[in-house]
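See structure below.
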Amino acid sequence: MTSKTNNDHVKTLPFRYQFTAGAIAGVSEILVMYPLDVVKTRIQLQHGTISGKEGYSGVVDCFRKIVRQEGVTKLYRGITAPILMEVPKRAIKFSANDSFAPFYQHLFSVPTMIQPLAILTGASAGATESLVVVPFELLKIRLQDRSSASRYNGLLDCLSKVVRNEGPMALYNGFEATLWRHVVWNAGYFGCIFQVRARMPDPAASPNPGWQKTMNDLTAGFVGGVVGTTFNTPLDVVKSRIQSVAKEAGVRQKYEWAWPALAVIAKEEGLSALYKGYVAKILRFGPGGGVLLMVYSAVLDVLTKVPQ
């Protein structure tokens with residue numbers, strides 16, 4: 001297991017350190033940024049342009065209407081699923097990325113990390129991460145969607161009804177779209193982290209190394225979050241559409257596979273519809289990406305100082 005510093009120096013770290021740091025980083029990010037995820041999902045599930053009381057014209061309008069019409073607590077509806085998901089999800093994200101790095105360096109005989117490998121390790125980490133998150137994502141989307149939320153009395157009720165009415169495999173509806181979403185986001189995120197860190201001041205040469213390292217992590221994570229989000233938003237829109245609809249026997253779904261669904265949405269609602277919820281996602285995953293990397297790095301630093 002490895003941890004990469006600003007200068008591509010690689011040191012061995014136990015898997016339990018990476019797992020713990022990733023889990024703490026993920027939960028920290030979700031607690032701060034979750035309301036934006038609810039807003040993002042509501043906007044993405046809005047077909048076409050809907051005006052009036054039921055429609056959302058943007059992030060602020062969506063926030064305002066949720067609070068006024070449903071109450072502040074609805075901004076946290078469905079958070080149990082992502083909280084439970086965040087521990088394995090973020091832990092796998094960072095530990096897989098750190099584990100794939102030496103594997104690919106050895107495979108391609110590259111002594112130090114380079115940009116193409118940073119993108120490849122990120123994409124591989126995203127694919128690994130997606131295997132864990134699909135059921136949690138589906139339950140979260142069902143609870144966040146205003147049109148279906150009234151059918152469920154919470155996470156366990158939603159889980160039991162999906163399994164009972166649609167079958168256990170329904171929990172993996174949208175797996176292919178989720179896979180692509182995570183591959184694209186992580187490739188952009190970790191690829192940008194590598195580039196940004198390489199261009200930031202070396203903490204070792206700074207009069208305040210701790211502060212400089214924190215700023216490097218926040219900046220790299222923010223840029224990575226913005227770039228990853230920009231590339232993967234269309235796939236996130238598709239994933240939300242696929243997972244929000246309950247499957248019925250003998251009924252062909254409008255949205256089934258990621259790439260054909262992209263074409264359907266673009267044709268019926270215009271290309272701009274592929275970026276529904278983009279502002280909310282940027283507001284979450286820009287700062288959220290910075291928080292993730294900063295907390296992950298800080299927790300690793302603490303753990304490595306713990307006596308063995």
Side-chain angles (χ1 to χ4, degrees), residues 3-6 13 17-41 59 63 75-76 78-98 118 122 125-126 129 132-133 136-137 140 181-182 184-197 199-201 203 208-233 236 277-304:
S3 177
K4 298 177 287 301
T5 68
N6 198 47
L13 291 173
Y17 286 5
Q18 297 170 333
F19 190 93
T20 301
I24 294 173
V27 172
S28 300
E29 188 270 342
I30 199 90
L31 289 174
V32 174
M33 310 303 292
Y34 187 75
L36 283 165
D37 191 68
V38 174
V39 169
K40 178 267 298 182
T41 301
V59 173
F63 260 115
L75 291 172
Y76 284 88
I79 195 173
T80 306
I83 284 291
L84 293 174
M85 173 179 68
E86 282 304 305
V87 174
K89 174 183 175 182
R90 301 306 188 186
I92 288 171
K93 175 198 293 290
F94 286 101
S95 59
N97 183 72
D98 283 354
E129 177 188 49
V132 176
V133 307
F136 295 98
E137 281 285 329
K140 175 178 73 74
R181 184 187 77 154
H182 284 264
V184 171
W185 195 88
N186 283 278
Y189 183 67
F190 286 109
C192 282
I193 285 173
F194 173 82
Q195 284 287 1
V196 174
R197 275 178 164 171
R199 287 162 172 73
M200 294 290 288
N208 191 335
W211 172 252
Q212 186 61 58
K213 184 175 183 299
T214 297
M215 293 308 298
N216 287 4
D217 288 337
L218 276 172
T219 303
F222 178 86
V223 174
V226 169
V227 171
T229 296
T230 299
F231 282 115
N232 94 327
T233 294
D236 191 41
Y278 176 71
V279 174
K281 277 176 66 71
I282 285 292
L283 290 173
R284 178 187 174 184
F285 288 109
V291 170
L292 270 177
L293 186 60
M294 180 190 70
V295 174
Y296 177 76
S297 183
V299 174
L300 273 186
D301 286 345
V302 171
L303 292 176
T304 54

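Contact detail for G224 and C192: the closest heavy-atom pair is CA-CB, 3.6 Å. Minimum interatomic distance between F136 and L84 (heavy atoms only, all atoms of both residues): CE2-CB, 3.8 Å. Considering all non-hydrogen atoms of both residues, F63 and P35 come closest at CE2-CB, 3.9 Å.
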| said: The test is side chain to side chain donor-acceptor pair (under 3.5 Å); show your working for D98 and Y296 and say whether it passes. | reply: CA-CA 12 Å; D98 283 354; Y296 177 76; 2.8 Å; yes
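Each of I193, V196, L218 was compared with V223 under the side-chain contact (heavy atoms from CB on, under 4.5 Å) criterion, and only V196 meets it.
Between the side chains of Q212 and N216, at least one donor-acceptor pair of N or O atoms lies under 3.5 Å. Side chain to side chain, Y278 and T230 meet the donor-acceptor criterion of an N or O pair below 3.5 Å.
Checked against side chain to side chain contact (heavy atoms under 4.5 Å, CB included), L283 has the following partners two or more places apart in sequence or in another chain: L36, V59, V279. Listed by chain and number, the residues in a side chain to side chain donor-acceptor pair (under 3.5 Å) with K213 are D217, S297, D301 (sequence neighbours excluded). Evaluation of the side chain to side chain contact (heavy atoms under 4.5 Å, CB included) rule for L31 yields V27, I83 as partners, not counting sequence neighbours. Judged as a side chain to side chain donor-acceptor pair (under 3.5 Å), and not counting sequence neighbours, the contacts of E129 are K93, H182, N186. Remark: T41 pairs with Q144 by the side chain to side chain donor-acceptor pair (under 3.5 Å) rule, at least two apart or across chains. Listed by chain and residue number, nothing satisfies the ring pair (Phe, Tyr, Trp, His ring centres under 6.0 Å) test with F222 (two or more places apart in sequence, or in another chain). Taking the side chain to side chain contact (heavy atoms under 4.5 Å, CB included) definition, one finds that V295 meets it with I24, A25, S28, V291, V299, sequence neighbours left out. Listed by chain and number, the residues in a side chain to side chain contact (heavy atoms under 4.5 Å, CB included) with A125 are A96, N97 (sequence neighbours excluded).
To the nearest 0.5 Å, the span separating CZ on R181 from CG on N232 amounts to 6.5 Å. Distance check, rounded to the nearest 0.5 Å: CG of L303 to OG1 of T20 gives 6.0 Å. For the atom pair CZ (R284) and OG1 (T229), the distance works out to 9.0 Å, reported to the nearest 0.5 Å. The structure places CZ of F285 at 6.0 Å from CG of D37, a figure rounded to the nearest 0.5 Å.
In this structure the side chain of V38 never reaches within 4.5 angstrom of the side chain of K140, judged on heavy atoms. Contact of the Q195 side chain with the V227 side chain is not registered, since no non-hydrogen atoms from C-beta on lie closer than 4.5 Å.
The aromatic rings of F94 and Y189 sit perpendicular to each other, their planes meeting at more than 60°, with 30° as the lower class boundary.
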